[in-house]
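Order of the sequence lines sets the chain letters (A, B, ...), proteins ahead of strands, with each chain counted from 1.
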Number of protein chains: 2
Amino acid sequence: MSGEEAVGQDGQSISKKALKKQQKEAEKAAKKAQHKKPDNQEAGDIDKEDTSKGRYGVLPLNQSQERLQRRLYKVSELQPSLSGQTVWVRGRLHTCRSKGKQCFFVIRQQKWTVQVMAIQSETISKQMIKFISGVTAESIIDVEGVVQTVGQKIQSCTQQGVELHIQQIWVVSAAEPRLPLLIEDASRPEGEGELATVNQDTRLDNRVLDLRTLANQSIFRLEAGVCRLFRDYLTAKGFVEIHTPKIISAASEGGANVFEVTYFKTKAYMAQSPQLYKQMAVCAEFDKVFTVGSVFRAEDSNTHRHLTEFIGLDLEMAFNYHYHEVLEVIGDMFVNLFKGLQEQYAEEISLVNKQYPAEPFKFLEPSLILNYKDGVEMLRQAGIEMGDEEDLSTPNEKLLGRLIKAKYDTDFFILDKFPLAVRPFYTMPDPTNPKWSNSYDMFMRGEEILSGAQRIHDPEFLSKRAELHGCQLDKIKGYIDSFRYGAPPHAGGGIGLERVTMLYLGLDNIRKTSLFPRDPKRLTP
Amino acid sequence: MSGEEAVGQDGQSISKKALKKQQKEAEKAAKKAQHKKPDNQEAGDIDKEDTSKGRYGVLPLNQSQERLQRRLYKVSELQPSLSGQTVWVRGRLHTCRSKGKQCFFVIRQQKWTVQVMAIQSETISKQMIKFISGVTAESIIDVEGVVQTVGQKIQSCTQQGVELHIQQIWVVSAAEPRLPLLIEDASRPEGEGELATVNQDTRLDNRVLDLRTLANQSIFRLEAGVCRLFRDYLTAKGFVEIHTPKIISAASEGGANVFEVTYFKTKAYMAQSPQLYKQMAVCAEFDKVFTVGSVFRAEDSNTHRHLTEFIGLDLEMAFNYHYHEVLEVIGDMFVNLFKGLQEQYAEEISLVNKQYPAEPFKFLEPSLILNYKDGVEMLRQAGIEMGDEEDLSTPNEKLLGRLIKAKYDTDFFILDKFPLAVRPFYTMPDPTNPKWSNSYDMFMRGEEILSGAQRIHDPEFLSKRAELHGCQLDKIKGYIDSFRYGAPPHAGGGIGLERVTMLYLGLDNIRKTSLFPRDPKRLTP
């Protein structure tokens, strides 16, 4: 939202003056209610002629005064089969429209919504209608009502076949009258005519409100699914979950891009990956390990796909003869992940797509594996000039993704055998040509989401490579020494959780898939 | 290990001179093997009369030269039903005993072991026996052999009914001849006569070796189970997994005990819990959330149960009427966890107990819930003098655990309604007596493993409490503001993963349940 325009609860602009008046009345009603305290609940408007007295008001702060045995129905449970039944529902006041003697409002519970009707009658007083109109959007309310089927489907709610006819309404927790952003604005697809939308910084500054949109509720439920499917697949394959230290004594992986931390009287660093530790766990005979945890990158990159703190899904695995044994496990893990998301999160995907339209994510089974040099060849045929041992630039990565999508109809592929020169020191060179390496990246919609390789498991060779890369051997002694006591050949990879979620859903910014994102310019909330 | 005593591969002390000679011969054999390079594998001893030529030696560094289709059997698969079959096995040389013309050694694969027999014969040369004797303990080897049933059970191995009769042996990755600790020493229960054991610092300095003991293999597999059971239970109950930032702009929870980090041109801090963020996620309408991640405490506490970095299992949940709704979910989660560990990790528990004897962990269903003041009363009756609003000291915690164990026969209990004065600012006071609070701790074997409470969800009241505790409101503005837009009553708790694992298994030090522990004095490996 621009912050300039006052918007009423029904999504239509109203004058600031009118809004203020409305607020004042609501506050007055709330105050009145708070001053009188009967046994359990605070009573409603104290007007003597109020026939609804005791049927509405503001509840006192819940301090667990009493363990009520009253059942609260979920909005999703409100179906025509309950017709005629009186139910209690707790949810947020999503929107409210009042016209003279009647008032319609919508209760929202995450992705579910139901309409409630209040019409002035013998039991529903004028004062009660006024009170309802004054309840601020996003407030949490308890409503008692009778479930009624409706003739015409209520298009604006998820519960289209029923509405509630109100009997009681109590405010559990009141929202402030003026919200820094409106859920409706934040839920709107961008570029849809003249209606207000909310820019990214306003969203992130007010993330607790922003996260209530259907799209955000769905994004983070799906992201939880990514983690779960990753772990469940690997656990079933005999992997052991481990946890690796985030505070490390030396900037072990080359030195740049690490955050420095004051550790009592000394200096330490934040780990930029669990790389060395997951390899050490493999050497410690755990053989197949995975870990899900925070990784930290002190890169001053202000792009759509960089965060300074993100969640790494890492795995490492001893193999028998060839690193492709591992490559295939990872490929299969992704196929299983994509299928699982399709099957278990179809509704979430469709809800996200409503606000952020995207093509469905396509993949092959088994996954497409191309050699790096063949990828480079495709780029050259498309007019790109680049050297054999040159790394892929971000635009070339994107272009290659498009070329491969056109040729193979897949949004996921594996690029194998990268030039050794562009990989970390611990990467195993190709056995026949030291220009190449046993390393791979994986891509979704033309962006890298995993980097991995066979690692060098010989301590002398590893030391030599580390020195060539300018690493100080004394700083990684514990790591090098892990390979001195029998080390199996092994390979693995590290996945960026937020990137996987972003690219699976076809979103345009990684901040959309991080609950409280961190970048060089953002440390709050 | 003391580091003073040279110990041979069969666990018996031998003279340093003999060990040196043995090493030299092994190195010579290995060198010889490395100099000759036939097509795929390096040949064995080049002596012309060697009838085993091509049946043993050191393999070249695995760089994924070839994807062999050879099946490797797991040690656990070697059963009498395979009798007569020729199999390949890869594992570590666990121990080796050679006597003249024969040699017995044990291959270890994590917790499984099998004996291999090599006797000089027409196909097994003198040189091959010598080569085998020279392979260093902990080296990774490929062995081809015929499965043979044995008359008398092999007590020292997990595969007691069979042994392998060797045909080929190839070293995949050689361990250094002198190990900083021996697995056998590190596996020994402490205080068992005169045999060597390994002290904690030597273990942690050489963690990659130390982790190979049966006890350690089991501890970390069980710890992975704790995480999995925690997550699966909550996921089934409708909780959403979230990830919260570890780098925060202000020392938000009171200020002390946070690590400072250099964040580009400014200062930031490492989060000492996901507390504020998981509450914000509840306010953001996720309602029930959990998170598993690193937490950081800059406490200079050098005790058996403090780490500067550990894994927090955190949950937070909106409730309807009373925080006991949440308390009960947590209690049930623990019961489910304890049962799951019992059922799914019985073997691991018994393996840990062999090295670290402990009473089986006892619990009640449903969990025992006592009021704090009743706990204090029990302590007073046992002769302890303490005030009503005084916090439990560590010795009193332990004593209370013993008193409760004696009275109720449970190692797990919940202490409810702590004095408000000893709890964090965001704790909800008791509705009837502000001396008490709606907060609880949970204990295993007399040590706290969870701290939790109903939280204040009213922004004004929360601000007041924060100020009373000396928090600077401007530093937690984002947090306080989260409650301004409708906030449900909610409660939750934070669990220390390493403590749960330690206390479930009855271990004496938290460093035993952290893969690479961090304390004020240890930052490596």
Note: vs chain A, highest number of non-hydrogen pairs under 4.5 angstrom among B:P429, B:G225, B:G293 is B:P429

Carboxylate-amine/guanidinium contact A:K246 B:E309, below 4.0 Å
no

So, the part of A:Y269 with a heavy atom under 4.5 Å from chain B: the answer is neither

So, the part of A:A487 with a heavy atom under 4.5 Å from chain B: the answer is both

Rounded to the nearest 0.5 angstrom, the CG-CG distance for A:L209 and B:D481 is 10.0 Å

When the 4.5 angstrom heavy-atom criterion is applied to A:T235 and chain B, the contacting part is side chain

Bottom line for A:P488: the part with an atom under 4.5 Å from chain B's heavy atoms is both

Residue from A:G478, A:S482, A:A491 scoring the most non-hydrogen pairs under 4.5 Å with chain B is A:S482

Do A:E285 side-chain atoms and B:Q110 backbone N/O form a donor-acceptor pair below 3.5 Å? yes

Comparing A:A298, A:P520, A:S139 against chain B, the one with the most heavy-atom pairs below 4.5 Å turns out to be A:P520

Notebook entry, point to check: Heavy atoms, side chains only, cut-off 4.5 Å: are B:L497 and A:H243 in contact?
Noted result: yes

What one should report as the nearest heavy-atom pair of A:P431 and B:S64 is CG-O, 4.0 Å

If you tally heavy-atom pairs under 4.5 Å between each of A:E176, A:K477, A:M280, A:E138 and chain B, the highest tally belongs to A:E176

Cut-off 4.5 Å, heavy atoms of chain B, and the answer for A:D205 is neither

In terms of heavy-atom pairs under 4.5 Å with chain B, the winner among A:K265, A:E299, A:E223 is A:E299

Counting heavy-atom pairs under 4.5 angstrom with chain A, the leader among B:E260, B:Q217, B:K267, B:Q65 is B:Q217

A:D458 and B:L61 have their tightest heavy-atom pair at CB-CD1, 3.7 Å

Any side-chain heavy-atom pair of A:F286 and B:R221 under 4.5 Å:
yes

With sequence neighbours left out, the residues meeting salt bridge (charged side-chain N to carboxylate O under 4.0 Å, His left out) with B:D287 are none

Okay, B:R108 and chain A: the region with an atom under 4.5 Å from a heavy atom over there is both

Honestly, the part of B:P245 sitting under 4.5 Å from a heavy atom of chain A is both

Shortest non-hydrogen pair, A:A284 vs B:R212, comes out as O-CG, 3.6 Å

Turns out that what part of A:R90 lies under 4.5 Å from chain B's heavy atoms comes down to side chain

(request) Could you tell me whether the side chain of A:H457 reaches within less than 4.5 Å of the side chain of B:N62, counting heavy atoms only? (result) yes

When every non-hydrogen atom of B:V261 is compared with those of A:M270, the smallest separation belongs to CG2-CG, 4.4 Å

For B:I140 and A:G486, the nearest pair of non-hydrogen atoms, with its separation, is CD1-C, 3.9 Å

So, the part of A:S294 with a heavy atom under 4.5 Å from chain B: the answer is side chain

Q) Is the backbone of A:F264 close enough, under 3.5 Å, to the side chain of B:D300 for a donor and an acceptor to pair up by distance? A) no

Rounded to the nearest 0.5 angstrom, the CZ-CD1 distance for A:R518 and B:I248 is 8.0 Å

Applying a strict 4.5 Å limit to non-hydrogen atoms, the region of A:M428 in contact with chain B is side chain

Max heavy-atom pairs within cutoff under 4.5 Å with chain B, candidates A:Q109, A:Q69, A:E328, goes to A:E328

ask   = Does the side chain of A:Y485 come within less than 4.5 Å of B:L179's, by heavy atoms?
value = yes

Taken in chain and number order and not counting sequence neighbours, the residues that satisfy side-chain contact (heavy atoms from CB on, under 4.5 Å) with B:E325 are A:R67, B:F319, B:N320, B:Y321, B:H322

When the 4.5 angstrom heavy-atom criterion is applied to A:I247 and chain B, the contacting part is both

Of A:T308, A:I242, A:V172, the largest count of non-hydrogen pairs under 4.5 angstrom with chain B goes to A:T308

Looking only at B:D142, B:L72, B:T524, most heavy-atom pairs under 4.5 Å shared with chain A are made by B:L72

Say whether, by atom type as modelled, one donor and one acceptor occur between the side chain of B:E241 and the main chain of A:C227 under 3.5 angstrom. no

Whatever's closer than 4.5 Å to a heavy atom in chain B on A:E498 counts as neither

Would a line drawn from the ring center of B:F296 to the ring center of A:Y263 be shorter than 6.0 Å? no

Value for CG (A:D232) from CZ (B:R231), rounded to nearest 0.5 Å, stands at 8.0 Å

Counting heavy-atom pairs under 4.5 Å with chain A, the top scorer among B:R207, B:Q63, B:R228, B:H324 is B:Q63

So, the part of A:Q454 with a heavy atom under 4.5 Å from chain B: the answer is side chain

The interface call for A:P517 against chain B, heavy-atom contacts under 4.5 Å, is neither

